[in-house]
Amino acid sequence: MSAADEQRAVDALTQIGATTAVMQLDQIAQQAAAGQWSYTHFLGRLLEPEIEARRQRVVETSLRFAGLPWTKRLSDFDFCFQPSIDRTLIEELATGRYLHEGRNIVFLGPPGVGKTHLAIALGLLCAEMGHRLLFLSALELARRMNTAFAQNRLPHYLKMLTTPRLLIIDEVGYLGLDAQQASMLFQVICCRYEKQGATIITSNKAFADWGHVFAGDAVMASAALDRLLHRATVINIKGDSYRLKEKRQAGLFAGSVALESTKGSHTQKSK
Ligand code: ADP
Ligand code: MG
């Protein structure tokens, strides 16, 4: 490739923003000449790293806005420790089909059984598929909505919550919401439902107790559940806390811990 040809290629690639291709042009052109590659093979080899770099940037941008509290992957999850979880079902969710179908996922169970871990792992996969997501604890969501309400921006904030492909609301029911916060959470669930946006919820409260989650308003709780569960996969985890596993192994607990752990499997999928 003559210097003029190379400059022309660099200028063209720069104009279309193909910065990775510009950086690799010289090296790939030399490999092409040495290997007597066809033009199409050369073009493919030049564009592959460009496409990968762009994909990576999309993932990084998505993760920057996602607010995931930690990095947890499905590969780090010990399914043997938690036999009540249907691994095949989790693997199906990992394909991301639920995102396109606007299906919700609800992880239920006592503390430490991996609800947040699994929600984060699915969130990471969502970002790696090139989608936007937002992770918030129920309390943080309520706090932000209170602020938006006080600033007369609640409709705007609710609209903003409908834009990510996935919204993860963690720890629903851990701390009681007041009537206004409950009503706002209800509005979020309604907005996501109307836009068919997938929502993942983790909760330590059985659905029967969701009246308390919604500040004692059983009618609102039932209306929220109606929307949430219309298209949803419910994963009810029944087992021991993983957090206590190491402590127990280290002998910090003499006998079995008085956890509400019920052995046995109950994983259900609602249509
Ligand atoms: P929950 O949200 O149900 O209270 P977490 O997902 O926060 O529980 O899990 C508590 C800790 O234990 C986290 O660090 C998580 O990564 C880890 N953990 C939970 N279950 C498992 C598991 N089955 N395999 C590996 N790590 C687990
Ligand atoms: Mg949690």
Side-chain angles (χ1 to χ4, degrees), residues 63 66-94 98 104-128 133-144 164 166-177 181 185 188-189 198-210 212-214 224 228-229 232-253 256-269:
L63 287 176
L68 292 176
W70 312 288
T71 299
K72 296 279 178 187
R73 297 199 167 270
L74 283 187
S75 54
D76 307 324
F77 197 81
D78 180 358
F79 284 91
C80 296
F81 182 78
Q82 216 53 268
S84 74
I85 299 177
D86 179 350
R87 186 177 188 153
T88 317
L89 180 56
I90 302 291
E91 281 165 357
E92 196 278 324
L93 295 172
Y98 76 98
N104 302 322
I105 305 171
V106 185
F107 290 106
L108 295 178
V113 293
K115 303 182 297 297
T116 304
H117 184 132
L118 292 171
I120 293 174
L122 291 174
L124 271 175
L125 287 170
C126 169
E128 284 164 2
L133 75 145
L134 183 61
F135 178 106
L136 289 168
S137 69
L139 209 65
E140 177 61 15
L141 175 64
R143 200 189 59 75
R144 290 192 189 184
L166 173 65
L167 177 68
I168 302 177
I169 311 177
D170 194 33
E171 300 191 339
V172 171
Y174 274 66
L175 291 169
L177 304 176
Q181 290 170 332
L185 176 62
V188 175
I189 291 171
T199 304
I200 296 182
I201 283 188
T202 80
S203 178
N204 61 339
K205 293 275 190 296
F207 292 137
D209 298 329
W210 273 44
H212 300 298
V213 174
F214 282 86
L228 201 60
L229 301 180
T233 299
V234 179
I235 297 167
N236 201 348
I237 310 175
K238 299 185 174 194
D240 288 342
S241 165
Y242 194 86
R243 287 193 190 101
L244 299 182
K245 175 188 157 188
E246 282 155 6
K247 289 184 183 157
R248 197 176 291 132
Q249 278 173 349
L252 291 179
F253 290 104
S256 65
V257 180
L259 283 173
E260 268 186 57
S261 79
T262 331
K263 289 282 179 197
S265 152
H266 178 63
T267 306
Q268 101 198 38
K269 192 172 179 177

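Counting convention: from 1, in listed order, for ligands and their atoms alike. The structure displayed is predicted, hence computed values, not measured ones.
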S.K.: Counting only heavy atoms, which portion of Lys72 has something under 4.0 Å from ligand 1: side chain, backbone, both, or neither?
M.R.: side chain
S.K.: Answer side chain, backbone, both or neither: which part of Asp76 comes under 4.0 Å from ligand 1, heavy atoms only.
M.R.: backbone
S.K.: Distance to 0.1 Å, residue and atom name: give those for the protein heavy atom nearest to atom 18 (N) of ligand 1.
M.R.: Tyr242 CD2, 3.3 Å
S.K.: Distance check, rounded to the nearest 0.5 Å: Ile200 atom CD1 versus Cys126 atom SG?
M.R.: 8.0 Å
S.K.: Given Gly109, Gly114, Ser241, identify the one with the heavy atom nearest to atom 8 (O) of ligand 1.
M.R.: Gly114
S.K.: Counting N and O atoms only, with roles assigned by atom type, does the side chain of Thr202 sit under 3.5 Å from a partner on the main chain of Asp170, one being a donor and the other an acceptor?
M.R.: no
S.K.: Any idea which protein heavy atom is nearest atom 23 (N) of ligand 1, and the distance to it?
M.R.: Asp78 O, 3.0 Å
S.K.: Can you list the residues that meet the side-chain contact (heavy atoms from CB on, under 4.5 Å) rule with Asp76, with sequence neighbours excluded?
M.R.: Arg73, His117
S.K.: If I compare all heavy atoms of Leu229 with all of Val234, which pair ends up nearest, and what's the gap?
M.R.: CD2-CG2, 3.8 Å
S.K.: In ligand 1, which numbered atoms sit nearer than 4.0 Å to a non-hydrogen atom of Pro111?
M.R.: 4 (O)
S.K.: Protein N/O/S atoms under 2.8 Å of the Mg ion (ligand 2)?
M.R.: Thr116 OG1
S.K.: Using distance alone, determine whether Lys115 and ligand 1 share an N or O pair under 3.5 Å.
M.R.: yes
S.K.: Going through the checks in order, is the side chain to side chain contact (heavy atoms under 4.5 Å, CB included) test met by Phe207 and Asn236?
M.R.: CA-CA 11 Å; Phe207 292 137; Asn236 201 348; over 6 Å; no
S.K.: Measure the shortest side-chain to side-chain distance between Ile85 and Phe107 over non-hydrogen atoms and say whether it is less than 4.5 angstrom.
M.R.: no
S.K.: Please determine if Gly112 has a nitrogen or oxygen closer than 3.5 Å to a nitrogen or oxygen of ligand 1.
M.R.: yes
S.K.: Quick one: closest heavy-atom pair of Lys115 and Pro110, and the distance?
M.R.: NZ-O, 2.8 Å
S.K.: I'd like to check whether Phe77 has a polar contact with ligand 1, where a contact means an N/O of the residue lying under 3.5 Å from an N/O of the ligand.
M.R.: no
S.K.: Can you pull out the closest protein heavy atom to atom 2 (O) of ligand 1? Residue, atom name and distance to 0.1 Å, please.
M.R.: Thr116 OG1, 2.8 Å
S.K.: Testing Ile235, Ile105, Ile237 for side chain to side chain contact (heavy atoms under 4.5 Å, CB included) with Leu118, which one passes?
M.R.: Ile237
S.K.: Examine ligand 1 and decide if any of its atoms is less than 4.0 Å from a heavy atom belonging to Val113.
M.R.: yes
S.K.: Which heavy atom in Lys72 sits nearest to a heavy atom in Ile120, and how many Å separate them?
M.R.: N-CG2, 3.7 Å
S.K.: Determine the minimum heavy-atom distance between Ala94 and Leu74, stating which atoms define it.
M.R.: CB-CD1, 3.7 Å
S.K.: Would you mind checking which non-hydrogen protein atom is closest to atom 7 (O) of ligand 1, with the distance to 0.1 Å?
M.R.: Arg243 NH2, 3.1 Å
S.K.: Take Ile169 and Thr199, measure what side chain to side chain contact (heavy atoms under 4.5 Å, CB included) needs, and give me the verdict at the end.
M.R.: CA-CA 7 Å; Ile169 311 177; Thr199 304; 4.3 Å; yes
S.K.: On the 0 to 90° scale, with breaks at 30° and 60°, tag the Phe214-Trp210 ring pair as parallel, tilted or perpendicular.
M.R.: tilted
S.K.: Answer yes or no: does an N/O atom from Trp70 fall short of 3.5 Å to an N/O atom of ligand 1?
M.R.: no
S.K.: Which atoms form the tightest heavy-atom contact between Phe81 and Ser241, and what is the distance?
M.R.: CZ-O, 3.8 Å
S.K.: Identify the protein heavy atom lying closest to atom 16 (O) of ligand 1, giving its residue, its atom name and the separation to 0.1 Å.
M.R.: His117 ND1, 2.6 Å
